[in-house]
Amino acid sequence: MLEIFVDVVLPVFLMAGAGALLARLRHVPAHSISQLTLYVFAPALVFGSLANTTLSLEQLGKITLFTLVLAAVMYLLSLVTAKLLRLDREQTSGFLLTTIFMNSGNYGLPVALFAFGEAGLELAVVFFVTQAALGGTLAVFIASRSQLDVKGALLSVLRMPLLHATLLGLAVNLLDVQLPTTIGEPVRILGNAAVPSMLMVLGIQLATRFSMEDTRALVAATFMKLVVAAGVAYLITPLLGIDGVPRQVLVVVSAMPTAVFTIILSTEFQARPSFVTSTVVLSTLLSLVTLTVLVTVVDALL
């Protein structure tokens, strides 16, 4: 277990630690970096990954279906929990953001690489891309519903570049279009910047923002993200015919802490950003323990 911690989890935190140190020494705001990531680096990574993936359509389909089923189950469980906690409309939007959307990019991709090698990374990228598509659609809808009606929320979805990057990347792949170097190389370079920039944002957030307000909701959201999501993934993967390394990877990446981009969305649409930020920080810190245990168990049993 110590080897898993040192080789898989700790390297991610060391990289995020550079962002935390930067925040302490230079007081660099996370907002500008997160906006650049959301509107440039992440869409480039999504487009490039989908356009160039070598996974079969069957594998792509299974991972996509898994992601959708996982999101649907977590949505229902989270909605019931929010009702039991008697959260208001804004709180419910923030709660749903923290429990459904995991940090599958700047945390999940490095962990998948360190734990399962290049094969694990390729699988995790597809999961990340599908999550990014949900982030550019469902997450925007949930966040905007804290203030807007259904029509306004749907219009907000259409304005996000992640959705367009996903559709365009799929089209390029399915039509077997060969991108010229003039386009392909800039996309590759910008996409490569996504994970480091996300890690910087993660580190800055860890260093600058945390509050124990709404303690019950905070604990519930963190438990659902780190523990319940892994259990749900463990149960639904065999139902979808997913086993072996793909099952290992999907169970682990499903239990990533709350996604950093939820902070951006909750701030943009006033969906309790202070609560969302606190959940991101707490779940990320606790994941040092939970992911070390989970990767060890998955490696031994699946």
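Using the six-membered ring where Trp is involved, Phe95 and Phe275 have ring planes that are parallel, under 30° apart on the 30 and 60° scheme.
Taking CG of Leu226 as the reference point, atom CG of Leu294 lies at 10.0 Å (rounded to 0.5 Å). Note that the OG1 atom of Thr64 and the CD atom of Gln59 stand 11.0 Å from one another [nearest 0.5 Å]. The CG atom of Leu84 lies 9.5 Å from the CZ atom of Arg216; values are rounded to the nearest 0.5 Å. Here the CD-OG distance, from Gln131 to Ser104, works out to 4.5 Å after rounding to the nearest 0.5 Å. Distance check, rounded to the nearest 0.5 Å: CG of Leu175 to CG of Leu170 gives 10.5 Å. The distance from the CG atom of Leu97 to the OG1 atom of Thr92 is 11.0 Å, given to the nearest 0.5 Å.
For the pair Leu77 and Val73, the minimum side-chain heavy-atom distance is below 4.5 Å. Counting heavy atoms from C-beta outward, Thr222 and Val227 have side chains that stay 4.5 Å or more apart. Phe66 has its side chain out of reach of Thr130: every pair of non-hydrogen atoms, C-beta onward, lies at least 4.5 Å apart. Residues Val126 and Thr67 are not in side-chain contact: their nearest non-hydrogen atoms beyond the backbone lie 4.5 Å or more apart. Looking at heavy atoms from C-beta onward, Thr258 lies out of side-chain contact with Met102 at the 4.5 angstrom threshold. The side-chain heavy atoms of Tyr107 and Ser287, taken from C-beta on, include a pair separated by under 4.5 Å. Looking only at side-chain heavy atoms (C-beta outward), Phe47 and Leu179 come within less than 4.5 Å of each other. Two residues are said to be in side-chain contact when any heavy atoms from C-beta on lie closer than 4.5 Å; Val111 and Phe116 fail this criterion.
Here the closest non-hydrogen pair linking Leu70 and Ala229 is CD1-O, 4.0 Å. Closest non-hydrogen pair, Ala259 versus Val280, comes out as O-CG2, 3.6 Å. When all heavy atoms are compared, the tightest approach of Phe101 to Leu96 is CD1-O, 4.3 Å. Across every non-hydrogen atom of Gly120 and Ala112, the tightest pair is O-CB, 3.8 Å. Leu85 and Ala220 make their closest contact through CD1-CB, 4.1 Å (heavy atoms, listed as atom of the first residue, atom of the second, distance). Heavy atoms only, all atoms of each residue included: Ser283 and Thr279 are closest at OG-O, 2.7 Å.
Transitive grouping of hydrophobic side chains (ILVMFWY, heavy atoms separated by less than 4.5 Å) keeps Val187 and Leu174 in distinct clusters. Note on Leu21 and Leu14: separate hydrophobic clusters, where clusters join Ile, Leu, Val, Met, Phe, Trp and Tyr whose side-chain heavy atoms are under 4.5 Å apart, directly or indirectly. Hydrophobic clustering of Ile, Leu, Val, Met, Phe, Trp and Tyr side chains at less than 4.5 Å, counting indirect connections, keeps Val172 apart from Leu60. Hydrophobic cluster membership is shared by Tyr75 and Leu235, with clusters built from Ile, Leu, Val, Met, Phe, Trp and Tyr side chains linked at under 4.5 angstrom. Under the 4.5 Å side-chain contact rule for hydrophobic residues, Val228 and Leu286 share a cluster.
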| request: Evaluate the side chain to side chain contact (heavy atoms under 4.5 Å, CB included) criterion for residues Val69 and Leu65: first the C-alpha distance (whole Å), next the side-chain angles of each, then the deciding distance (0.1 Å), finally the verdict. | output: CA-CA 6 Å; Val69 173; Leu65 181 58; 4.1 Å; yes

| request: Show the numbers, then the answer: is there a side chain to side chain contact (heavy atoms under 4.5 Å, CB included) between Val249 and Phe127? | output: CA-CA 9 Å; Val249 173; Phe127 180 78; over 6 Å; no

| Step by step, would you call Leu250 with Leu123 a side chain to side chain contact (heavy atoms under 4.5 Å, CB included)? | CA-CA 8 Å; Leu250 292 177; Leu123 292 163; 5.9 Å; no

| said: With side chain to side chain contact (heavy atoms under 4.5 Å, CB included) as the criterion, how do Phe128 and Val253 come out once you've worked through the C-alpha distance, each side chain's angles and the decisive distance to 0.1 Å? | reply: CA-CA 9 Å; Phe128 164 69; Val253 294; over 6 Å; no

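Counting only distance, with no hydrogens or angles, the side chain of Gln248 and the backbone of Val298 share a donor-acceptor pair below 3.5 Å. Put simply, the side chain of Lys225 gets close to the backbone of Ser254: a donor and an acceptor are under 3.5 Å apart. Under the 3.5 Å distance criterion, the side-chain polar atoms of Asn52 are matched with a main-chain donor or acceptor of Gly48. Counting only distance, with no hydrogens or angles, the side chain of Glu185 and the backbone of Thr182 share no donor-acceptor pair below 3.5 Å.
A cation-pi contact, defined as under 6.0 Å to the ring centre and within 45° of the axis, links Arg247 to Tyr234.
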